[in-house]
Trainee: 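Have a look at this one before I ask anything.
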Amino acid sequence: MTITEKILAAHCGKKEVSAGELINAKVDLILANDITAPIAIQEFKKTGAKDVFDKNRVAFIPDHFAPQKDIKAAEQCKMLRDFSKEYHLGLYFEVGRMGVEHALLPEQGLVGPGDLVIGADSHTCTYGALGAFATGVGSTDVAAAMATGECWFKVPESMKFIYYGKLNKWVGGKDLILHTIGDIGVDGALYMAMELEGEAIRNLPMYGRLTMCNMAIEAGGKNGIIMPDAITEEYVKGRAKRPYKFYTSDADAKYVEIREYDCSKIPLTVSCPHLPSNTKPATELSHITIDQVVIGSCTNGRLEDLREAAQIIKGRKVNPNVRMIVIPATQQIYKDAMKEGLLDIFIDAEAVVSTPTCGPCLGGHMGILAKGERALATTNRNFVGRMGHPESEVYLSNPAVATASAVLGRIGVPEELGL
Amino acid sequence: MLLKGKVWRFGDDIDTDAIIPARYLNTSDPKELARHVMEDADKDFPNKIQAGDIIVAGKNFGCGSSREHAPIAIKAAGIQAVIAKSFARIFYRNSFNIGLPIFESPDASERIKEGDIIEIDADKGVIKNLSAEEQYDAKPIPSFMQELIIAGGLIKWTKKKIKGAAK
């Protein structure tokens, strides 16, 4: 069996499951945010359940339009707050304690290896980086699971992606996953588990792994997953709030397809409008001028991402034609970045530093684009209108490329700054 | 169940931001969402559709976000059904969960044109194109999904389960 099959089997009380099988499985954690929880709350109340299945396994995180951007958003956030009080939820994260959900939950040790996690947010697949099965579902699925602690799944087929060799300078998890999506397309892994492995993955730090699994959905995947190892152990020990278990794929596990990549040939990669699969080497896009750069989101808002950005912009200034917005993904990251002096570096460079929020990634607030404007962002989607006006454009890259571009005023690479 | 209506055509990879842009997600009121359905794919769409119309699209319809607001907006706008070559998986789940009939049919996706009048026999999984006098098969609905439909959706199915457990 694959690691995905083993985790699913363990959660439905079976010794074995195989691709295509429908199962009803127990979930370890359920999450929803200020956009998806309101519908989940309404639907949960219709189930007739007297209580949630476990007060410490339902996480409500207002992060999308929080801090509350307008009256309607405030009403939605209030629904989460009221419900959390009424049902005494142990995992409600108020503004000031919250962060971008997929950065917050791993950081706080609330998701761990071997877990089965569902979330009413498509980027729930992030936690596969820890060796968990995690997938995005809708609000109604969350409502039913809040009542029963269970969710139905079709066991997915698995695709294996093997990354050989060493990464080029400034190339990170973001480039590997954008390159992969560019290779297989936005439905290249539709309904499938994307298992990532190889030398480059074994050497990839946890933040890079989280970035890669985060974007499995951008290839249509049900989940992204990496077999846990010493790097995983190092990350989860001291954080994990629950016991965890390492699962690994068997040597004879079945894969519908195996794709292999030579990392020495993977360049700094940018996704052009309007699909994440529309990738090009960053060096081929130096004619593209930009109006805004966003460093943040569940994809690239972690401390190491901010360090990378700070390393590039230290002693430099944001181009006068560009607005640079830096969004640490959690309160802890914000605080650590402050202690390390990263926030000083950003502010001295004339970038803006925001409190944690998903904000501009989905065109919510904190950096919306006007008609005809163009952004380079470390976020995960560049669909039409994603960051604002339907006639604006979003390009996607890693934090190093985005920051170098903020200085240059156009898409560029750190090398152009002598780095 | 027979679903008959006029077709609006869309291409491949219609994402959930095109179906319902996030700037409108500060509410989950179906009527308000319906006013902006498919707006970023075709800004006149909410005004030109009539109750009972059907969307026919290419591959990977509904890719992107997990927002249930997407199928809700389509349903609340009066669109009876969506046919596509393939659906993104969360959109697929969500549609069944909220009761929006969707059908996977590569043939129908390729052959049906905008403005065609079609009739879907949901039980048999057959799509008739009355304008072109053609017929296409839809992929069968998995048996568990059929069980959900018969129960009246996931919430009613769950409600029954909870009641059963209480007894």
Side-chain angles (χ1 to χ4, degrees), chain A residues 22 34-36 38-40 42-44 46-50 64-65 69-76 119-124 135-141 143-145 147-148 152 154 156 185-187 190-191 217-218 220-222 274-275 277 362-364 368 381 383-386 388 390, chain B residues 12-19 21-30 32 39-41 43 59-61 63-72 85-99 142-145 147-148 153-163 165-166:
Chain A
L22 273 164
D34 51 311
I35 289 181
T36 58
I39 297 178
Q42 284 167 20
E43 296 302 309
F44 171 80
K46 290 182 197 162
T47 64
K50 292 197 174 64
H64 278 57
F65 293 163
K69 75 174 180 107
D70 56 29
I71 295 169
K72 283 182 179 171
E75 300 289 348
Q76 297 213 120
D121 188 276
S122 59
H123 293 108
T124 300
T135 192
V137 297
S139 299
T140 300
D141 275 316
T148 62
W152 67 269
K154 189 164 94 175
V186 287
D187 60 350
L190 192 59
Y191 300 110
I217 179 71
E218 266 37 89
K222 182 167 198 155
H274 290 287
L275 284 177
S277 57
L362 75 162
I368 304 303
R381 289 189 178 130
F383 300 146
V384 171
R386 175 73 180 178
Chain B
D12 290 342
D13 304 315
I14 296 294
D15 60 78
T16 49
D17 282 274
I19 298 171
R23 57 185 177 273
Y24 304 119
L25 297 186
N26 53 4
T27 176
S28 46
D29 174 14
E32 207 166 314
E39 189 178 283
D40 282 2
K43 70 175 177 358
K59 71 173 176 80
N60 201 27
F61 186 86
C63 61
S65 147
S66 69
R67 62 188 71 152
E68 212 160 279
H69 311 67
I72 289 173
K85 188 176 276 182
S86 60
F87 290 93
R89 57 162 284 277
I90 308 177
F91 183 90
Y92 186 85
R93 273 184 97 106
N94 286 347
S95 298
F96 279 93
N97 287 347
I98 67 133
S143 56
F144 176 71
M145 305 298 242
E147 201 185 306
L148 280 187
L154 181 66
I155 292 301
K156 284 190 179 151
W157 182 83
T158 305
K159 198 173 176 178
K160 257 191 217 163
K161 210 168 131 181
I162 292 171
K163 268 193 187 160

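Protein chains get the first letters and strands the later ones, always in sequence-line order, with residue 1 at the start of each.
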Trainee: Can you tell me how far apart CG (B:L25) and CZ (A:F65) are? Round to the nearest 0.5 Å.
Mentor: 5.5 Å

Trainee: Do B:M145 and A:W152 have side-chain heavy atoms sitting under 4.5 Å apart?
Mentor: yes

Trainee: How many angstroms lie between atom OH of B:Y92 and atom NZ of A:K154, to the nearest 0.5 angstrom?
Mentor: 7.0 Å

Trainee: So what's closer than 4.5 Å to chain A heavy atoms on B:I14: side chain, backbone, both or neither?
Mentor: neither

Trainee: Quick one: of A:K46, A:R386, A:R381, who has the most non-hydrogen atom pairs under 4.5 Å with chain B?
Mentor: A:R381

Trainee: Please give me the minimum heavy-atom distance between B:F87 and A:Y191, naming the atom from each residue.
Mentor: O-OH, 2.8 Å

Trainee: Can B:K59 and A:D187 be counted as an ion pair, charged N to O under 4.0 angstrom?
Mentor: yes

Trainee: Test your reading of the model: is there a side-chain donor-acceptor pair from B:D40 to the backbone of A:G385, 3.5 Å cut-off?
Mentor: no

Trainee: Given that the side chain runs from C-beta out, which part of A:I71 has a heavy atom under 4.5 Å from chain B: side chain, backbone, both or neither?
Mentor: neither

Trainee: Measuring heavy-atom distances to chain B, does A:T140 have an atom under 4.5 Å in its side chain, in its backbone, in both, or in neither?
Mentor: both

Trainee: Report the option among A:L22, A:I39, A:L275 that has the most heavy-atom pairs separated by less than 4.5 Å from atoms of chain B.
Mentor: A:I39

Trainee: If you tally heavy-atom pairs under 4.5 Å against chain B, which of A:A74, A:S139, A:A147 wins?
Mentor: A:S139

Trainee: Do A:L190 and B:S86 have side chains that get closer than 4.5 Å, going by heavy atoms?
Mentor: yes

Trainee: Say you draw a straight line from CG of B:D13 to CZ of A:F383; how long is it, rounded to the nearest 0.5 Å?
Mentor: 8.0 Å

Trainee: Heavy-atom distance under 4.5 Å to chain B: side chain of A:D70, backbone, both or neither?
Mentor: side chain

Trainee: Using every non-hydrogen atom in the two residues, find where A:G138 and B:I90 come nearest and quote the distance to one decimal.
Mentor: N-CG2, 4.0 Å

Trainee: Contact part of A:Q42 toward chain B, heavy-atom cut-off under 4.5 Å: side chain, backbone, both or neither?
Mentor: side chain

Trainee: Determine yes or no for a side-chain-to-main-chain donor-acceptor pair under 3.5 angstrom, with B:E68 supplying the side chain and A:A40 the backbone.
Mentor: no

Trainee: Check whether any side-chain heavy atom of B:H69 sits under 4.5 Å from a side-chain heavy atom of A:I35, and report yes or no.
Mentor: yes

Trainee: I need the residue from A:G136, A:G48, A:A73, A:A49 with the largest number of non-hydrogen atom pairs under 4.5 Å to chain B.
Mentor: A:G136

Trainee: Identify the two heavy atoms, one from B:T27 and one from A:K72, that lie closest to each other, and give their separation to 0.1 Å.
Mentor: CB-CD, 4.4 Å

Trainee: Applying the side-chain contact (heavy atoms from CB on, under 4.5 Å) test to B:S66, which of A:T124, A:D141, A:T36, A:T135 qualifies?
Mentor: A:T36

Trainee: Ignoring hydrogens, what is the shortest heavy-atom contact between A:V137 and B:N94? Give both atom names and the distance.
Mentor: C-OD1, 4.3 Å

Trainee: State, yes or no, whether a side-chain contact exists between A:V384 and B:D17 at a heavy-atom distance under 4.5 Å.
Mentor: no

Trainee: Whether the side chain of B:R23 engages the backbone of A:L362 through a donor-acceptor N/O pair (distance < 3.5 Å, no angle test) should be reported.
Mentor: no

Trainee: Could you check which of B:P21, B:S28, B:G64, B:C63 has the highest count of heavy-atom pairs closer than 4.5 Å to chain A?
Mentor: B:G64

Trainee: Between A:E43 and B:K159, does at least one N-O distance fall below 4.0 Å, as a salt bridge requires?
Mentor: no

Trainee: Tell me whether B:K156 at atom NZ has more than 12 heavy atoms from other residues, nucleotides or ligands lying less than 6.0 Å away.
Mentor: no

